Protein chains: 4
Amino acid sequence: MSPKTKEQFEAIRSQTSTVIKDTALELFAENGFHNTSISQIAKAARVSKGLMYNYFDSKEDLLHDIMMDAMDRGTELMNDHLKEGVDPKDQLLSLVDGVFEWIIGNLSYWKLLAALAFQKDVTSQLKLEILEKSQSYNAIITDLFRQMGKAEPEKEAMLIGALMDGIGMQYMVMPELYPIDEMKELVKKKIIE
Amino acid sequence: MSPKTKEQFEAIRSQTSTVIKDTALELFAENGFHNTSISQIAKAARVSKGLMYNYFDSKEDLLHDIMMDAMDRGTELMNDHLKEGVDPKDQLLSLVDGVFEWIIGNLSYWKLLAALAFQKDVTSQLKLEILEKSQSYNAIITDLFRQMGKAEPEKEAMLIGALMDGIGMQYMVMPELYPIDEMKELVKKKIIE
Amino acid sequence: MSPKTKEQFEAIRSQTSTVIKDTALELFAENGFHNTSISQIAKAARVSKGLMYNYFDSKEDLLHDIMMDAMDRGTELMNDHLKEGVDPKDQLLSLVDGVFEWIIGNLSYWKLLAALAFQKDVTSQLKLEILEKSQSYNAIITDLFRQMGKAEPEKEAMLIGALMDGIGMQYMVMPELYPIDEMKELVKKKIIE
Amino acid sequence: MSPKTKEQFEAIRSQTSTVIKDTALELFAENGFHNTSISQIAKAARVSKGLMYNYFDSKEDLLHDIMMDAMDRGTELMNDHLKEGVDPKDQLLSLVDGVFEWIIGNLSYWKLLAALAFQKDVTSQLKLEILEKSQSYNAIITDLFRQMGKAEPEKEAMLIGALMDGIGMQYMVMPELYPIDEMKELVKKKIIE
DNA sequence: AATGAATGAGCGTTCATTCAT
DNA sequence: CATGAATGAACGCTCATTCAT
């Protein structure tokens, strides 16, 4: 008879919010942001359409939250692979492992990210945050190449960045067929060593 | 007042159809397929909405025709850069030039292609055709690497394919800032030589 | 921890209910009935949405209660200005004072009333009660004019009623600019004397 | 087989647009702007919901067009009753006739106007245009009173303005019962003479 | 007495497509 | 070949109301 406690409400919110975000990510990645309706997400997440707006102000807001979550996971993963005071080459190799791990484990996120990258109608806010993050990765890699004594560390970093984007892209188009592990080893051998 | 000849009709058809396709490609690339309406295209192409359906059965059909046209142009370009009986390494270098030329000169097409590549809402038919085409390029490049005596020509081909996709992708996201020419030289130096 | 007494419960009920009604009146008057949501009222009144329905069966019911309260306050005010056995002209003058006082002091109520008056979406019940009340005022004024010996007391009463409605209306549209006090004196001079 | 001529299209547009506006005005006046849905209007006007947006950019835009039409009719009517070089008192009497004629013949418009006057959510643009128009009427009446040699023409104008607003308001609430013609004569006698 | 998560009908609006001319 | 008025399903979103606690 007594009302629910604050903790109970928070638990409910956290759980429902996660279900909606996970469901939406899958659908966005599969069908595209504009081709996925709020109704579809609600039905797949087994909640009412109206409830969606109890958790997210708008469809764009839902997208934003999803992308931020995934980016945060990516940042954590990167940090796990960046040990201070280690040989820069080893760090770079470890970082490549980290990126591949991230891509393989968050395929839906990457598909969505790639599809959004070329569309100008998505909130610029989101795009800016993503661009910023990607530039910070690029800076780290450039620095590692510099530590390794490479003549043109900026170009090396851009090259490896483009290569990994390309590999990720092809893997996304045909994840079941693409020899991603072999490609990873190839990257390590050809580019870094 | 004299009745139009069959040839005149066909000339009009061909011209109008080209105007529509060119206009649609620009708009699709700029704003995305789902975010571009038939009305917008009709207005920009200075024809009536109804006329669009005289030339294309549906919006998807229009997209399909546009992509096929662009792919045909790409095939022509590739063929121009593939001279039989030439040193395979030179052919490969020439091919790289051809691809960069293609990308830079058909940015709208590539943006659209990239945006569509990850989403299942595009006719599977179209995706299959694109995949097929890309595999044929891959086969050609593999063969050239084999002629060059590389140990693992398939992997080399995949690597260069991924790299060029990645470069294209980054160039598309920021075409005015990206040092595409330097990247081209880098590709030639690092991968082929 | 001791159980609340019946009186305490009733005191809480009365107080909460008053807060909700006062808050709702302000919002209805400011933004219109249809443009004010239950959520807004609940938030502004610092109660939960659910609690609203503990006190009022529906949004319409809340409106009804608000209007009845305001009408009761109006009736009291009128009665204060109607002293039996006084010169009818003085009574009329005093009544005009009362109405102006009522309007100026209950602007929100009058704005809301005016906005609702022309639309059939308000419970007919409410409209009937309001009409009834206004007719009883009219009867009183007619009687006063009759006592003053006017030839056509009904028409005089309607005239003064219309005039006061019109003044009120204009005052509501621009309360800060309208010379309401001067208008009051004008009414007294031109119509009554 | 030949396409419709420009004239045919214009005729269709004009007719359909009028049907929609007339229907919408009735419904807005009856039920209020916010309480009338586009669906209702479309159904009552026997057109599809989508077609509404072929003619009006938005619901607000539809409202704006309706009010402007009615205001234009009002201006015409007023001009018909304002003959230059005539005795100012006769002009005033004629003007009163004009206003009553306008109100009686455009009851829906007046109901809507009154209901909107108190709501702050309607486009300020529209409200400004209405306020402007009403002030221009007030200026004309003030001037006529001045020509008649009244001591305080501004106040006289405000008084008659308020009175006519009030009469209009009461007539709108119960058009079938209200003795509007008698009230008109009363206005003329009490205020002007 | 009190909470706020959850529902679902309905809103204003868009847009691919059809069709009479 | 060409027009644009007309349709209707679907969209993103709002909100009065209910209910388990």
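Per chain, numbering begins at 1; letters A, B, ... match sequence-line order. For clarity, every value in this text was computed on a predicted model and none was experimentally measured.
If C:S37 and A:S58 are placed on DNA chain F by their nearest nucleotide, the residue sitting closer to the 5' end is A:S58. The nearest heavy atom of DNA chain E to C:M52 and to A:M52 marks one nucleotide each, and the one closer to the 5' end goes with C:M52.
The CD-C1' distance, from A:E10 to E:dA5, rounds to 14 Å in whole Å. The nearest whole Å value for the distance from the CD atom in D:Q8 to the C1' atom in F:dA2 is 14 Å.
Of the side-chain N and O atoms in B:N54, none sit less than 4.0 angstrom from OP1 or OP2 of F:dA2. Contact annotation: D:R13 reaches the phosphate of F:dA5 (side-chain N/O to OP1 or OP2, under 4.0 Å). At the phosphate of E:dT14, neither OP1 nor OP2 sits under 4.0 Å from any side-chain N or O atom of D:Y53. Contact annotation: D:T16 side-chain N/O to F:dA6 OP1/OP2 distance is under 4.0 Å.
Put simply, the side chain of D:Q15 never gets that close to the backbone of D:I12: no donor and acceptor are under 3.5 Å apart.
Within the nucleic acid shown, A:Y55 comes within 4.0 Å of sugar-phosphate atoms alone, with no base atom in reach, counting heavy atoms only. Residue-level contact check: A:T36 touches the backbone only, with heavy atoms under 4.0 Å from sugar-phosphate atoms and none from bases.
Because its NZ or CZ atom is both nearer than 6.0 Å to the ring centre of B:F33 and within 45° of the ring axis, B:K59 counts as a cation-pi partner of that residue.
Using a 4.0 Å cut-off on heavy atoms, the residues of residues 38-51 of chain D that approach DNA chain E are D:I38, D:K49, D:G50, listed by number.
Inter-residue side-chain proximity for B:M67 and B:L112 is flagged as met; some heavy-atom pair is nearer than 4.5 Å. For the pair B:E30/B:T36, no side-chain contact is recorded, criterion being any heavy-atom separation below 4.5 Å from C-beta on.
Remark: DNA chain F forms stems of 3 or more consecutive Watson-Crick or G-U wobble pairs, all pair distances under 3.5 Å, at E:2-21 with F:2-21.
Applying side-chain contact (heavy atoms from CB on, under 4.5 Å) to D:T23 and the options D:L25, D:I20, D:L27 leaves one that passes, D:L27. Under the side-chain contact (heavy atoms from CB on, under 4.5 Å) test applied with D:F28, the options D:L116, D:I66, D:N35 reduce to a single match, D:I66.
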Verdict with supporting geometry, B:V19 and B:R46, side-chain contact (heavy atoms from CB on, under 4.5 Å): CA-CA 9 Å; B:V19 169; B:R46 299 176 167 283; over 6 Å; no

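Contact check on D:K21 versus D:D65 returns no salt bridge, with no Lys/Arg side-chain nitrogen under 4.0 Å from an Asp/Glu carboxylate oxygen.
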